Number of protein chains: 2
Amino acid sequence: MTNQHIAPISSRFLRNRGRNRLSAEEVAALEVAFGGVRAVAARKTLIEKGAPVHDSTLLIEGVMCRYLDDQQGHRQLLGVHIGGDFVDLHGFPLDRLDHDVATLTEVKIATIPRERVMALIARFPNLARVLWRSTMLDAAMHREWIFRLGRLGAQGRVAHFFSEMETRLRLAGLANDNGAPLPINQADVAEACGLTPVHVNRVLRILREEGLMTFRSGVIEIGDRRRLQRLAEFDDSYLYPDTDAAP
Amino acid sequence: MTNQHIAPISSRFLRNRGRNRLSAEEVAALEVAFGGVRAVAARKTLIEKGAPVHDSTLLIEGVMCRYLDDQQGHRQLLGVHIGGDFVDLHGFPLDRLDHDVATLTEVKIATIPRERVMALIARFPNLARVLWRSTMLDAAMHREWIFRLGRLGAQGRVAHFFSEMETRLRLAGLANDNGAPLPINQADVAEACGLTPVHVNRVLRILREEGLMTFRSGVIEIGDRRRLQRLAEFDDSYLYPDTDAAP
DNA sequence: CGCAGCCTTGAAGTAAATCAAGGATTGTGG
DNA sequence: CCACAATCCTTGATTTACTTCAAGGCTGCG
């Protein structure tokens, strides 16, 4: 099923998060609800904590993140988003956001005004379920991040982070034979894993020397998936790959 | 507004998570959808990871938790639930659960069969939004737990955990002048905060000696809320207290 | 060429884990 | 009502993983 022609904006969402769950009519209604596609530079905060939610933002291309700052201004990443993810859909039922949303790379995004989301889900109850489900997938990832930070050591955390990202990129159809492209730096990984950049660097060296994986120039390459996932205590079922992804 | 008479099962949910957002008709429909109230002993796993979701469970009284096990069987708590919380509503759009759900104390619960939830939200789109919103509040708490584990030291983590629980208990109308009752032990706190029980004990002693708070016999007492919240970097806005709680 | 951003490595310091032992509290059966 | 067990809490000594501080080396780009 190629949605690319009939749904240029939402095709990756459909593949990544909503596959086989929307009718042609629903896809068409969703597609026309978006405003135009917009480009945003890397390292820009798009939405500030506390801001009222007027739109929902779909990430089409690039990498974004959500984060909370601590008192010294150090970030804790709460999630990393890739093409096909809604980055602030959870703000729709909550009215305002409880954290910041920023770009990590240059991105292309499209937005839907809040009222149009309201109208869409009133007209298509099934679409409401698909959108709810998408926010629940983010919540499932949140839970796994809690596990990662609460129970794993530095090597496990980094291994888990990259296991998740590589799996998601693959499920979204964004990985290829050369690896999975994730153009972020070691400091970003540190902010995701609750570690210092220095220590992430040391951990990456160990993982590289052990042949488990490499992360160089923004590309993830898995060397030994089995051992990497054992170290990470990683089980992809929380990404619901069987019910949600490309075949 | 006292829902206790007209909605004996869902009254605390309404107060805690859905206040002023449901019509009398919606409340009545929700109330009759529940099966009977059931008691469960302390420290029982109610729902296992991977289990298909046939019902949604509302916690009426007592304390429950969600958790993931690591390879040595040590738990990481993902959330703690009090009266008025749905403990597995997120499983409704996801079909199966990605973690375990267990009781920490004796509890009273009520369940709604999945099909009835489907029928209810088809009939009352507003109820769908209120339920979605409730799951989004859990996600907001997840995010704060990620921050807690990723950016705070042991004292901050424990202070943050108890700040959250005390606030939630108060918003749910479950706290009183003697403090906020949370009948769990230090090992549970350790599993929530990603620490060892020994270290939680040491941290609690410091917090007690500094006059910030005490936690004894399952009761939280806040000594100096301002300083506790500064230590915890705690800001209650993620609990949406203005829009959601008792007046 | 020279600068900026990012990565890498070393040495010293520290927060929390681990290991170990006892003490308090609650509940229970004689 | 007391003996005893079970559970939970408390404290000390040692070890360890990660941070912090510091410096230098790549790589790509204007």
Side-chain angles (χ1 to χ4, degrees), chain A residues 41-44 63 70-76 103-106 148-162 182-210 213-221 231, chain B residues 41-43 63 70-76 103-106 148-162 182-210 213-221 231-232:
Chain A
R43 311 265 164 202
K44 299 286 172 205
V63 183
D70 69 10
Q71 276 166 359
Q72 295 116 52
H74 294 138
R75 288 180 174 188
Q76 174 62 47
T103 62
L104 290 175
T105 67
E106 290 179 9
R148 176 195 299 161
L149 293 169
R151 276 289 162 292
L152 301 182
Q155 292 179 41
R157 289 189 206 177
V158 172
H160 191 285
F161 174 76
F162 284 111
L182 186 70
I184 67 177
N185 62 36
Q186 294 183 358
D188 298 321
V189 177
E191 289 178 344
C193 294
L195 300 168
T196 57
V198 171
H199 203 59
V200 167
N201 182 278
R202 291 190 227 270
V203 168
L204 282 174
R205 175 159 52 112
I206 294 169
L207 297 180
R208 195 188 324 127
E209 287 169 357
E210 295 280 325
M213 61 160 291
T214 64
F215 178 62
R216 243 197 290 257
S217 329
V219 178
I220 310 166
E221 282 185 86
L231 175 66
Chain B
R43 311 262 163 205
V63 183
D70 70 10
Q71 275 167 0
Q72 296 116 53
H74 294 137
R75 287 180 176 189
Q76 173 62 46
T103 62
L104 291 175
T105 68
E106 291 180 6
R148 177 195 298 159
L149 294 168
R151 276 290 163 288
L152 301 182
Q155 293 179 39
R157 288 189 206 177
V158 173
H160 192 284
F161 174 76
F162 284 111
L182 186 70
I184 67 177
N185 62 35
Q186 295 182 358
D188 298 321
V189 177
E191 289 177 344
C193 294
L195 299 168
T196 56
V198 171
H199 203 61
V200 166
N201 182 279
R202 292 190 226 270
V203 167
L204 281 173
R205 174 160 53 109
I206 293 169
L207 297 180
R208 194 188 323 125
E209 287 169 355
E210 296 279 326
M213 64 159 291
T214 64
F215 179 62
R216 243 196 290 257
S217 327
V219 177
I220 309 166
E221 283 185 84
L231 176 65

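Naming convention: chains lettered A, B, ... in sequence-line order (proteins, then strands); numbering from 1 in each chain. Since this is a predicted model, take the numbers as computed values, not measurements.
- The residue Leu195(B) sits close only to the backbone: its heavy atoms come under 4.0 Å of sugar-phosphate atoms, none of a base.
- Contact check, Arg208(B) against dT10(D): a side-chain N or O comes under 4.0 Å of OP1 or OP2.
- Contact annotation: Asn201(B) side-chain N/O to dT10(D) OP1/OP2 distance is under 4.0 Å.
- For Asp188(A) and dG5(C), the CG to C1' distance is 12 Å, given to the nearest whole Å.
- Taking side-chain N and O atoms only, Arg205(A) has a distance below 4.0 Å to OP1 or OP2 of dT9(C).
- Contacts of Asn185(A) with the nucleic acid, taken as non-hydrogen atoms under 4.0 Å apart, involve only primed sugar atoms and P, OP1 or OP2.
- Inter-residue side-chain proximity for Asp188(B) and Val63(B) is flagged as unmet; no heavy-atom pair is nearer than 4.5 Å.
- Of the two residues contacting DNA chain D, namely Ile184(B) and Arg202(B), the nearest-nucleotide position lying further toward the 5' end is that of Ile184(B).
- At the heavy-atom level, Arg43(A) lies nowhere under 4.0 Å from the strands shown.
- Separation of atoms CG (Asn185(B)) and CG (Leu104(B)) is listed at 8.5 Å; rounding is to 0.5 Å.
- Between Thr196(A) and dT19(D), a side-chain N or O to OP1/OP2 separation shorter than 4.0 Å is present.
- Atom CD of Gln72(A) is separated from atom P of dT19(D) by 14 Å (rounded to the nearest Å).
- Rounded to whole angstrom, the span from the CG atom of Leu204(B) across to the P atom of dT11(D) amounts to 11 Å.
- Between the P atom of dA17(C) and the CD atom of Gln186(B) lies a distance of 14 Å, rounded to the nearest Å.
- With hydrogens and angles ignored, no donor-acceptor pair closer than 3.5 Å exists between the side chain of Arg216(A) and the base of dT27(D).
- If you take CZ of Arg157(B) and P of dA15(C), they are 14 Å apart, rounded to a whole angstrom.
- In this model, no side-chain donor or acceptor of Arg151(B) finds a partner on the base of dT19(D) within 3.5 Å.
- Scanning all heavy atoms of the two residues, the minimum distance from Arg157(A) to Gly194(A) falls at NH1-O, 3.3 Å.
- With hydrogens and angles disregarded, a donor-acceptor distance shorter than 3.5 Å links the side chain of Thr103(B) to the backbone of Arg43(B).
- Distance Glu191(B) CD to dC8(D) C1': 14 Å, rounded to the nearest Å.
- Minimum heavy-atom separation, Asp70(B) to Gln72(B): OD1-N, 3.0 Å.
- Here dC9(D) presents its C1' atom at 16 Å from NE2 of His199(B), a figure rounded to the nearest Å.
- Residue contacts shown for Gly194(B) are limited to sugar-phosphate atoms, with no base heavy atom under 4.0 Å away.
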